[in-house]
Amino acid sequence: MRSFEYSAPGSLREALEVMEQHAPDFKLLAGGTDLLVDLKHSLNGPTLVMDLGGVAELKGIEETPSGLRIGAMVTHTEIQQSPLIAKHAPAMIAAAATIGAVQTRNMGTIGGNLVTCVPSLDSGPVLVALDAQVTVAGVDGRRVLAITEFFVGPRQTALAPDELLVDILIPTPMLGRATAFRKFGLRKGQALALVNAAASIAVNDGRIIEARIALGAVAPTVIRATDGERVITGKSTDDVGALREAAAVAVTEARPIDDFRASAAYRRELIAVGTFRVLEEALALATSS
Ligand SMILES: Cc1cc2nc3c(=O)[nH]c(=O)nc-3n(C[C@H](O)[C@H](O)[C@H](O)COP(=O)(O)OP(=O)(O)OC[C@H]3O[C@@H](n4cnc5c(N)ncnc54)[C@H](O)[C@@H]3O)c2cc1C
């Protein structure tokens with residue numbers, strides 16, 4: 001590992017000023033569960049590592065007039081333990097519980113998870129299903145993006161070199177929306193997703209009036225299966241066949257790859273099964289509330 005300077009700003013303004021001075025030759029440190037592995041294996045590391053642990057503006061989970069705000073530095077364990085998340089977006093807890101082991105969840109943050117932007121990231125699908133937005137900041141100000149705009153490609157986000165992720169917002173209309181998450185890996189614990197899936201459903205008067213299907217590890221970034229969503233929108237809440245059809249259509253929207261962990265054909269089977277299960281579960285939640 002190459003040696004580097006360490007900086008620990010006490011505010012967002014201070015952090016952004018240091019970033020502007022050093023861009024692009026710095027790395028931000030959140031929980032470090034990804035970054036430290038990278039630094040140890042890299043011969044050309046940054047000259048500066050800036051620890052975001054002291055930046056209060058990046059922490060906390062709170063209800064705001066626009067929705068539920070989750071700071072980028074919130075850990076997966078904090079998500080699991082948050083009464084506000086349990087009330088408004090419990091599928092986030094289901095997703096957080098699948099990330100690594102307790103130690104990883106204690107250190108790893110939701111912001112770090114999203115910024116790594118690997119196709120299999122487990123925070124992504126539920127946030128896409130809940131139509132989340134992210135706020136990013138640089139010295140010149142803030143930008144708000146849809147989470148789907150934030151994910152650009154494998155390990156590539158919409159962040160400019162001198163910007164950081166501030167927080168994630170679940171918009172008010174999506175709070176309490178019936179949502180389900182499933183992850184398929186090679187084993188139950190400590191495994192990256194071969195496929196992960198989330199769905200949210202709203203019903204009215206016996207019909208599905210809105211559905212969102214999000215799939216991870218099946219394309220360069222987390223995707224929405226919008227054709228599958230259209231199959232069930234407007235359908236009766238009793239129409240289980242429509243859920244199966246939507247799942248089959250979602251398979252055609254994904255671009256899974258063959259790799260050493262699974263074949264594309266196996267992943268397509270998982271997409272069909274996973275999409276059906278999250279739709280079934282979200283619909284059951286929607287119709288029971
Ligand atoms: C053993 C192990 C198991 C794992 N299992 C899983 C798993 O099952 N599912 C899963 O999805 N992930 C898994 N991970 C990956 C990792 O733990 C998560 O992605 C974690 O959430 C990363 O967060 P962090 O705070 O540790 O990020 P860090 O390692 O601190 O940072 C990761 C990247 O994000 C950047 N960054 C962090 N915060 C910000 C910010 N606010 N603004 C801009 N850039 C930022 C950093 O500069 C760095 O490039 C695992 C990792 C390990 C080591």
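Counting convention: from 1, in listed order, for ligands and their atoms alike. What you see is a predicted model, and the numbers here were worked out from it, not measured in a lab. Computation of the quantities below employed the complete heavy-atom set of this structure, encompassing side-chain atoms and omitting hydrogens, waters and symmetry-equivalent molecules.
- In plain terms, the two heavy atoms of Ala96 and Ile79 that are nearest each other are CB-CG2, 4.0 Å.
- Contact annotation: the side chain of Leu48 approaches that of Val18 to within less than 4.5 Å [non-hydrogen atoms, C-beta and beyond].
- Taking a 6.0 Å sphere around CD of Glu5, one finds it holds 12 or fewer heavy atoms contributed by other residues, nucleotides or ligands.
- Ranking protein heavy atoms by distance to atom 21 (O) of ligand 1, first place goes to His76 NE2, 2.7 Å.
- Taking atom 33 (C) of ligand 1 as the reference point, the nearest protein heavy-atom neighbour is Thr116 CG2, 4.0 Å.
- For Ala191, the closest heavy-atom approach to ligand 1 falls below 4.0 Å.
- Ranking the protein heavy atoms by distance from atom 13 (C) of ligand 1 puts Ile99 CG2, 3.9 Å first.
- In terms of protein heavy-atom proximity, atom 26 (O) of ligand 1 is nearest to Thr33 OG1, 2.6 Å.
- Other residues, nucleotides and ligands contribute more than 12 heavy atoms inside 6.0 Å of the CD atom of Glu280.
- Near Leu164, meaning under 4.0 Å from one of its heavy atoms, ligand 1 places the atoms 42 (N), 43 (C).
- Protein heavy atom closest to atom 28 (P) of ligand 1, with residue, atom name and distance, is Gly32 N, 3.5 Å.
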Start with the C-alpha gap between Lys59 and Glu78, add the side-chain angles, then the distance that decides, and say whether salt bridge (Lys or Arg N to Asp or Glu O under 4.0 Å) holds. CA-CA 10 Å; Lys59 297 185 179 175; Glu78 287 174 312; over 6 Å; no
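- Which parts of ligand 1 touch Ala72 is read off a 4.0 Å heavy-atom cut-off, strictly below it: atoms 41 (N).
- Ranking protein heavy atoms by distance to atom 52 (C) of ligand 1, first place goes to Thr104 CG2, 3.8 Å.
- Checked by distance only, ligand 1 and Leu52 stay at 3.5 Å or farther apart across all their nitrogen or oxygen atoms.
- An N or O contact shorter than 3.5 Å links Ala30 to ligand 1 by distance.
- The N/O atoms of Ser123, backbone and side chain alike, include none that comes under 3.5 Å of an N/O atom in ligand 1.
- Near Leu121, meaning under 4.0 Å from one of its heavy atoms, ligand 1 places the atoms 11 (O).
- Between Leu35 and ligand 1, a contact under 3.5 Å exists for at least one N or O pair.
- Between His76 and Asp122 the shortest side-chain heavy-atom distance does not fall below 4.5 Å.
- Looking at Asp238, Val240, Thr237, Val278 one by one, the single match for side-chain contact (heavy atoms from CB on, under 4.5 Å) with Leu283 turns out to be Thr237.
- Arg69 pairs with exactly one of Thr64, Thr135, Asp167 by the side-chain hydrogen bond (donor to acceptor under 3.5 Å, both in side chains) rule, that one being Asp167.
- Among protein heavy atoms, atom 35 (C) of ligand 1 sits closest to Val115 CG1, 3.6 Å.
- Residue-environment remark: CZ (Phe4) exceeds the threshold of 12 foreign heavy atoms within 6.0 Å.
- Side-chain atoms of Asp259 and Arg267, non-hydrogen and from C-beta on, do get closer than 4.5 Å to each other.
- Neither the backbone nor the side chain of Gln103 has any atom closer than 4.0 Å to an atom of ligand 1 (non-hydrogen atoms only).
- Ion pairing between a basic and an acidic side chain is recognised when a charged N comes within 4.0 Å of a carboxylate O; Lys27 and Asp34 show no such pairing.
- Which parts of ligand 1 touch Lys183 is read off a 4.0 Å heavy-atom cut-off, strictly below it: atoms 7 (C), 8 (O).
- Here the side chains of Thr157 and Leu114 are not in contact, with every heavy-atom distance at 4.5 Å or above.
- Side-chain atoms of Arg142 never come within 3.5 Å of backbone atoms of Ala137 as a donor-acceptor pair (strictly under, hydrogens ignored).
- If you number the atoms of ligand 1 from 1 as listed, the ones under 4.0 Å from a heavy atom of Gln190 come out as 1 (C), 3 (C).
- Looking at Leu159 next to ligand 1, no N or O pair under 3.5 Å apart turns up.
- Of all the atoms in ligand 1, the ones that sit under 4.0 Å from a non-hydrogen atom of Thr98 are 8 (O).
- Note: no N/O pair closer than 3.5 Å links Gly108 and ligand 1 by distance alone.
- Residue Gly31 approaches ligand 1 through these ligand atoms, each under 4.0 Å from one of its heavy atoms: 24 (P), 25 (O), 26 (O), 30 (O).
- The protein heavy atom nearest to atom 46 (C) of ligand 1 is Leu28 O, 3.0 Å.
- Tested against Leu127, the residues Thr148, Ile170, Val222 include a single side-chain contact (heavy atoms from CB on, under 4.5 Å) partner, Ile170.
- Remark: of the listed residues Thr77, Thr33, Thr75, Thr77 is the sole one forming a side-chain hydrogen bond (donor to acceptor under 3.5 Å, both in side chains) with Asn106.
- Taking any N or O of Glu163, backbone or side chain, none lies under 3.5 Å from an N or O belonging to ligand 1.
- Among Asp122, Asn113, Val49, the residue whose heavy atom lies nearest to atom 19 (O) of ligand 1 is Asn113.
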